[in-house]
Amino acid sequence: QVQVVESGGGSVQAGGSLRLSCAASGSIFTIKDMGWYRQVPGKQRELVASITRGGSTNYADAVKGRFTISRDNAKNAVYLQMNSLKPEDTGVYYCRVTAFGFSWGQGTQVTVSS
């Protein structure tokens, strides 16, 4: 059993910032990569950013230069700092944890208004 809990979502105006947090707990030996995905109506869930245990990062082109992903291995936590938010960033953001397989959080809503 792996539990994934997200926090930090909310509503902001365009140009604002939010910081999402995700913590994993339960039957975990060593977490490999962690990442953030988002989903909007009419589209499939898509990768926003990911980070390996060693710290290598990957970002979707749409968020490069605006979002920063980081992690704390001791706390089994991953974070997403989102700056210069745009209305197109609106969606439900999900944390994914890879151990034996994929484990997902339940999602946190991010709404960016014009």
Side-chain angles (χ1 to χ4, degrees):
Q1 296 181 337
V2 177
Q3 294 178 323
V4 181
V5 180
E6 301 133 323
S7 63
S11 298
V12 298
Q13 297 181 38
S17 298
L18 286 172
R19 182 175 176 83
L20 305 184
S21 299
C22 170
S25 62
S27 300
I28 301 173
F29 179 69
T30 300
I31 297 176
K32 296 180 179 179
D33 59 299
M34 305 179 76
W36 290 95
Y37 291 70
R38 67 186 178 192
Q39 188 168 23
V40 298
K43 297 181 64 177
Q44 293 187 332
R45 193 174 301 180
E46 62 183 5
L47 174 69
V48 176
S50 64
I51 184 168
T52 68
R53 186 170 184 83
S56 297
T57 58
N58 185 45
Y59 297 92
D61 288 342
V63 307
K64 287 182 179 178
R66 299 188 297 119
F67 292 8
T68 302
I69 188 171
S70 61
R71 66 187 291 168
D72 185 336
N73 291 336
K75 296 181 178 180
N76 291 324
V78 63
Y79 311 94
L80 185 68
Q81 179 66 46
M82 304 186 293
N83 298 327
S84 302
L85 283 162
K86 304 175 181 179
E88 64 183 333
D89 295 319
T90 294
V92 180
Y93 283 68
Y94 297 88
C95 178
R96 189 191 73 174
V97 177
T98 302
F100 296 102
F102 296 163
S103 296
W104 295 90
Q106 63 181 347
T108 183
Q109 177 70 42
V110 172
T111 302
V112 185
S113 60
S114 300

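Only this structure's heavy atoms are used, side chains among them; waters, hydrogens and symmetry mates stay out.
Between the side chains of Thr52 and Asp33, no donor-acceptor pair is found at a separation under 3.5 Å.
Taking Ile, Leu, Val, Met, Phe, Trp and Tyr as hydrophobic and joining them when side-chain heavy atoms fall under 4.5 Å apart, one finds Tyr94 in a cluster with Tyr37, Leu47, Val92, Phe102, Trp104.
Annotation for Ser70 and Val78: closest pair O-CG2, 3.2 Å, computed over non-hydrogen atoms. Here the shortest heavy-atom pairing between Leu85 and Leu18 reads CD1-N, 3.9 Å. Across Ser113 and Pro87, no two heavy atoms sit closer than the pair C-CG, 4.5 Å. Closest non-hydrogen pair, Val4 versus Cys22, comes out as CG1-SG, 3.4 Å. The heavy-atom pair separating Gly91 from Val40 by the smallest distance is CA-CG1, 3.9 Å. The two residues Ala49 and Tyr59 come nearest to each other via the heavy atoms CB-CD2, 3.6 Å.
Looking at Val12 and Met82, their side chains never come closer than 4.5 Å, going by heavy atoms from C-beta outward. The side-chain heavy atoms of Arg53 and Asn73, taken from C-beta on, include a pair separated by under 4.5 Å. Using a 4.5 Å heavy-atom cutoff, the side chains of Trp36 and Cys95 are in contact.
For Asp89, the salt bridge (Lys or Arg N to Asp or Glu O under 4.0 Å) criterion is met by Arg38, Arg66, not counting sequence neighbours. Applying the ring pair (Phe, Tyr, Trp, His ring centres under 6.0 Å) test to Tyr79 and every residue at least two apart in sequence or in another chain returns nothing.
Atom CZ of Phe67 and atom OG1 of Thr57 lie 14.0 Å apart (nearest 0.5 Å). Here the CE-OG distance, from Met34 to Ser50, works out to 11.5 Å after rounding to the nearest 0.5 Å.
Side chain of Asn76 to main chain of Ile31: no donor-acceptor pair is present (N/O by atom type, distance under 3.5 Å, no hydrogens or angles). At least one donor-acceptor pair under 3.5 Å links the side chain of Thr90 to the backbone N or O of Val112. Looking only at distances, no side-chain donor or acceptor of Gln81 sits under 3.5 Å from a matching main-chain atom of Arg19. Proximity of a side-chain donor or acceptor of Gln109 to a complementary backbone N or O of Gly9 within less than 3.5 Å is not detected.
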